[in-house]
*Asks:* 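One structure is given below, represented as structure tokens, and several questions about it will come after.
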Amino acid sequence: MRLLTHNMLSSNIKGVTNGFPLRIEPQTITQKPVDFNPDFLKNMFSKIDWKALSDASKIMGYADLPEDVPDQTVLESDEFLKKFHHALLEIHLEEGVLVCPETGRKFPVNKGIPNMLLHEDEV
Amino acid sequence: MWYLCVFYHRLLDYRKPEFESLAHLFGAFDDGSNDNQSLEWKLPEHHHPDSPFHFVNLPNEDIARKIANRSILVKGLYEIWGEGSSYEELKEAINSFPDDRKLPYLTSDSTFRIIIDSFGKAIPFKDQTDRIKGMAYIPFQGRVDLRNPEHKFWLIETDDYGTNNGLPPVVDKRIFFGREIGAADRKLLPTYQLKSRNYLGPTAMDAEVAFLMANQAQAMPGKLVYDPFVGTGSILVAAAHFGAMTMGADIDIRVVRDGRGPDCNVWSNFKQYGLQMPVSLLRADNNLPPWRPGLKEIFDAIICDPPYGVRAGGRKSGGRKLLKGVVGPYTVPDEKRTGHIPSTASYSLAECVHDLLDLAAKMLVMGGRLVYFYPVLRDSDISLSVKTIIFESLFLRGRVDLRNPEHKFWLIETDDYGTNNGLPPVVDKRIFFGREIGAADRKLLPTYQLKSRNYLGPTAMDAEVAFLMANQAQAMPG
């Protein structure tokens with residue numbers, strides 16, 4: 001699971017109002033290189049919840065992202081885009097869990113695939 | 001600028017949607033003069049709408065070339081230098097086509113080739129040579145190069161093929177001569193064909209249709225394409241081929257996570273073709289999608305083949321909840337929460353489409369595209385239930401094996417296809433059921449096809465015909 005995916009997901013258990021961001025408890029972290037595409041990154045930038053991304057990347061062992069939301073002008077900087085690219089697309093959670101911030105329910109991540117399916121009594 | 005577009009004579013309903021999607025992608029509507037984003041089309045005189053021949057109006061040659069080269073169903077897009085219903089008429093038309101549009105392609109430092117093509121009949125080789133010689137009134141100065149010419153000229157004859165087999169004409173006799181602007185790269189299809197795909201499911205999308213969907217979705221580098229019913233990834237493979245970032249979800253965790261082992265899963269299907277891996281695969285239910293509140297307009301396209309219960313039934317979360325009122329809502333005991341496999345409920349067509357449209361409304365960017373299959377029933381008295389009954393009664397005892405079954409059974413329908421496109425029936429409706437004894441090994445043909453042959457002459461015999469000749473000659477060991 002890339003941090004792009006993490007940034008899009010929340011706990012959607014019935015009754016939960018504050019299911020985002022999911023807390024990552026990593027077991028195995030890998031790096032998976034992805035082709036660098038500045039256009040894609042510029043497209044994604046405005047849609048990302050920055051704090052969730054920078055916090056998640058720290059938990060995953062990468063602390064090079066600014067904590068506060070950078071303004072649009074950083075998109076001109078190749079150095080920034082490369083860091084953003086690495087954090088968003090290349091850091092990969094292979095094994096671990098995603099914890100619902102409200103209920104503590106653990107969504108497992110095995111072989112890189114988050115299992116977001118709810119149990120019968122959660123829907 | 002008008003061009004002649006000749007389509008492959010297949011998947012007729014998909015031809016113009018593919019072409020117009022690519023026209024939009026490559027900027028044909030960028031001047032804003034065309035709000036409904038459809039092109040101007042014209043049929044040659046007396047042609048039936050199903051004809052492969054269409055004239056199309058495009059802003060310029062660069063856009064025309066890009067559309068044709070990326071398409072799957074364009075056999076060729078041509079700048080027409082002349083047309084007529086006889087060779088005399090054709091000559092007159094070509095001679096009156098302005099010199100300043102001809103001469104740049106006829107210079108002495110260029111290479112060229114003339115290709116004879118026909119629709120509705122075959123032109124014998126000798127006649128082809130005669131026809132090429134007959135074009136000598138065009139002042140070609142360049143050198144002929146049959147393999148890699150700079151300019152390709154096409155002489156295309158269409159015939160009133162009614163005279164051949166009693167059918168009314170789809171096309172009327174017409175001769176076109178033109179310069180090729182571009183053509184589909186159909187070599188993609190043997191490369192991506194499902195039978196050589198590593199990881200396959202029973203509903204994997206045919207490669208050609210997957211490419212058509214990716215074209216209609218305008219997949220390209222820098223875009224994010226999502227398939228909420230990803231299965232083995234067959235649709236996303238086509239989107240990734242065109243450079244898009246891909247993302248997929250499925251409710252069946254065995255399919256997305258495990259596959260058939262470490263080298264036979266969704267990831268390996270991308271690796272097999274050297275494509276960029278999906279940026280995300282997850283297990284999720286499209287009926288209860290796990291997107292964070294406020295997330296919107298993130299996908300450039302959503303492409304999918306939703307589970308409608310035709311080949312595979314849809315499932316959604318909350319199976320045993322349906323029993324509420326009978327046995328009370330099911331609560332998962334605490335000690336069983338880890339590793340619990342939730343039961344699922346069936347997912348109706350209406351609900352599935354509703355969720356899909358809802359997803360598209362929220363998650364597509366402005367101008368983003370939703371491309372999906374929707375089942376329609378055509379007039380036909382053979383209902384699905386007949387097939388189901390036959391299959392159920394026969395396959396109860398054996399195990400179904402889609403790849404290497406011991407026995408293959410065939411249910412073959414022939415249809416009075418007159419009802420489809422206005423032609424009188426060639427065959428009458430009939431349904432056959434039988435056990436397969438043997439079948440041709442057509443895999444020979446891509447293996448031996450001329451385009452991958454090392455040493456070729458201009459008259460090399462087509463592989464299929466060569467095999468037919470060898471069979472008639474009873475070639476065998478000894």
Side-chain angles (χ1 to χ4, degrees), chain A residues 1-14 16-22 32-49 52 85 88-90 92-93 97-98 100-101 104-123, chain B residues 220-224 243-245 247 249-253 256-259 262 265-267 276-285 287-300 316-323 329-332 336-345 363 365:
Chain A
M1 183 201 69
R2 266 85 178 197
L3 295 187
L4 168 64
T5 316
H6 172 259
N7 209 272
M8 295 168 69
L9 297 178
S10 73
S11 158
N12 60 340
I13 297 169
K14 192 180 178 190
V16 166
T17 51
N18 190 17
F20 178 82
L22 295 159
K32 295 197 173 178
V34 169
D35 295 343
F36 180 66
N37 185 325
D39 291 337
F40 179 75
L41 297 168
K42 287 173 190 167
N43 272 344
M44 282 300 130
F45 180 76
S46 62
K47 293 155 192 168
I48 291 297
D49 183 302
H85 170 78
L88 193 69
L89 297 172
E90 296 191 320
H92 192 264
L93 181 66
V97 290
L98 304 174
C100 168
R105 152 77 139 104
K106 292 179 174 177
F107 294 93
V109 178
N110 301 127
K111 298 183 194 168
I113 310 285
N115 183 349
M116 301 306 293
L117 204 66
L118 299 177
H119 295 156
E120 291 92 330
D121 50 0
E122 294 170 333
V123 301
Chain B
M220 60 174 283
K223 286 190 176 180
L224 183 59
M245 292 282 196
M247 190 163 173
D250 203 287
I251 195 169
D252 189 342
I253 194 153
V256 279
R257 186 187 62 192
D258 306 330
N265 50 43
V266 183
W267 307 110
Q276 180 86 67
M277 297 280 179
V279 288
S280 172
L281 287 178
L282 65 146
R283 182 203 201 184
D285 177 1
N287 183 241
L288 279 170
W291 309 123
R292 74 168 144 90
L295 182 69
K296 59 175 189 173
E297 298 184 22
I298 192 160
F299 301 129
D300 296 283
K316 63 170 185 176
S317 304
R320 287 199 236 176
K321 240 195 150 185
L322 296 179
L323 298 174
Y330 177 73
T331 310
V332 186
K336 290 188 179 156
R337 289 204 162 260
T338 321
H340 173 67
I341 299 169
S343 58
T344 52
M363 301 290 268
V365 299

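Every chain is numbered from 1, with letters handed out A, B, ... down the list of sequences. All heavy atoms count here, side chains included; hydrogens, waters and symmetry mates do not.
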*Asks:* Is B:L281 close to chain A through its backbone or its side chain, or both, or neither, when contacts mean heavy atoms under 4.5 Å?
*Replies:*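 The answer is both parts of B:L281.
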*Asks:* Are the side chain of A:K47 and the backbone N or O of B:E297 linked by a donor-acceptor pair below 3.5 Å?
*Replies:* yes
*Asks:* What residue in B:L224, B:N265, B:I251 has the most heavy-atom pairs under 4.5 Å with chain A?
*Replies:* B:L224
*Asks:* Any chance you could measure A:N37, atom CG, to B:Q276, atom CD, to the nearest 0.5 Å?
*Replies:* 9.0 Å
*Asks:* Measuring heavy-atom distances to chain B, does A:I48 have an atom under 4.5 Å in its side chain, in its backbone, in both, or in neither?
*Replies:*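 The answer is the backbone of A:I48.
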*Asks:* What residues, two or more places apart in sequence or in another chain, satisfy ring pair (Phe, Tyr, Trp, His ring centres under 6.0 Å) together with A:F45?
*Replies:* A:W50, A:F84
*Asks:* Hey, is NZ on A:K42 packed in by over 12 heavy atoms from elsewhere, all under 6.0 Å?
*Replies:*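 Correct, the count exceeds 12.
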*Asks:* Do you know which two heavy atoms are closest between B:P278 and A:R2, and how far apart they sit?
*Replies:* O-NH1, 3.2 Å
*Asks:* Quick check for you: to the nearest 0.5 Å, what is the distance between B:L282 atom CG and A:F107 atom CZ?
*Replies:*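 Going from the CG atom of B:L282 to the CZ atom of A:F107 covers 11.5 Å.
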*Asks:* Is the NZ or CZ atom of A:K111 positioned over B:W267's six-membered ring, under 6.0 angstrom from the centre and within 45° of the axis?
*Replies:*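 Not satisfied by the 6.0 Å and 45° rule.
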*Asks:* Chain A heavy atoms under 4.5 Å from B:P262: which part of the residue, side chain, backbone, both or neither?
*Replies:* neither
*Asks:* Which bit of B:D258 comes within less than 4.5 Å of chain A, counting heavy atoms only: side chain, backbone, both or neither?
*Replies:*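 When you check distances to chain A, atoms from both the backbone and side chain of B:D258 fall under 4.5 Å.
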*Asks:* Any chance NZ of A:K32 has more than 12 other-residue heavy atoms, nucleotides or ligands included, within less than 6.0 Å?
*Replies:* yes
*Asks:* If we define contacts as heavy-atom pairs under 4.5 Å, which of B:D285, B:D300, B:L295 has the most with chain A?
*Replies:*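 Most heavy-atom pairs under 4.5 Å with chain A: B:L295.
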*Asks:* Output yes when a side-chain donor or acceptor of A:N115 lies under 3.5 Å from a complementary backbone atom of B:I253, and no otherwise.
*Replies:*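 No; judged by distance alone, with no hydrogens or angles, the pair does not exist.
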*Asks:* Please give me the minimum heavy-atom distance between A:M44 and B:I298, naming the atom from each residue.
*Replies:* CE-O, 3.7 Å
*Asks:* Taking every heavy-atom pair that is under 4.5 Å apart, which of A:L118, A:D39, A:L117 has the most such pairs with chain B?
*Replies:* A:L117
*Asks:* Of the backbone (N, CA, C, O) and the side chain (C-beta and beyond), which part of A:D35 lies under 4.5 Å from a heavy atom of chain B, both, or neither?
*Replies:*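 For A:D35, heavy atoms of backbone and side chain both lie under 4.5 Å from chain B.
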*Asks:* Could you check whether A:N7 and B:R292, counting side-chain N and O atoms only, form a donor-acceptor pair closer than 3.5 Å?
*Replies:*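 B:R292 vs A:N7: donor-acceptor pair found between side chains.
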*Asks:* Checking A:M1 against chain B: side chain, backbone, both or neither under 4.5 Å from a heavy atom?
*Replies:*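 Interface part for A:M1: neither.
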*Asks:* With only heavy atoms counted, which part of B:L288 is less than 4.5 Å from chain A, the side chain, the backbone, both or neither?
*Replies:* both
*Asks:* Go through A:L41, A:L4, A:V34, A:L22 and name the one with the most non-hydrogen pairs under 4.5 angstrom from chain B.
*Replies:* A:V34
*Asks:* Heavy-atom distance under 4.5 Å between the side chains of B:P290 and A:S11, does that happen here?
*Replies:* no
*Asks:* Who wins among A:H119, A:M116, A:E122 for the most heavy-atom pairs under 4.5 Å with chain B?
*Replies:* A:H119
*Asks:* Is A:F20 close to chain B through its backbone or its side chain, or both, or neither, when contacts mean heavy atoms under 4.5 Å?
*Replies:* side chain
*Asks:* Once rounded to the nearest 0.5 Å, what's the spacing between atom CE of A:M8 and atom CE of B:M363?
*Replies:* 4.5 Å
*Asks:* Looking at A:L89, A:T5, A:L9, which one forms a side-chain contact (heavy atoms from CB on, under 4.5 Å) with B:S280?
*Replies:* A:T5
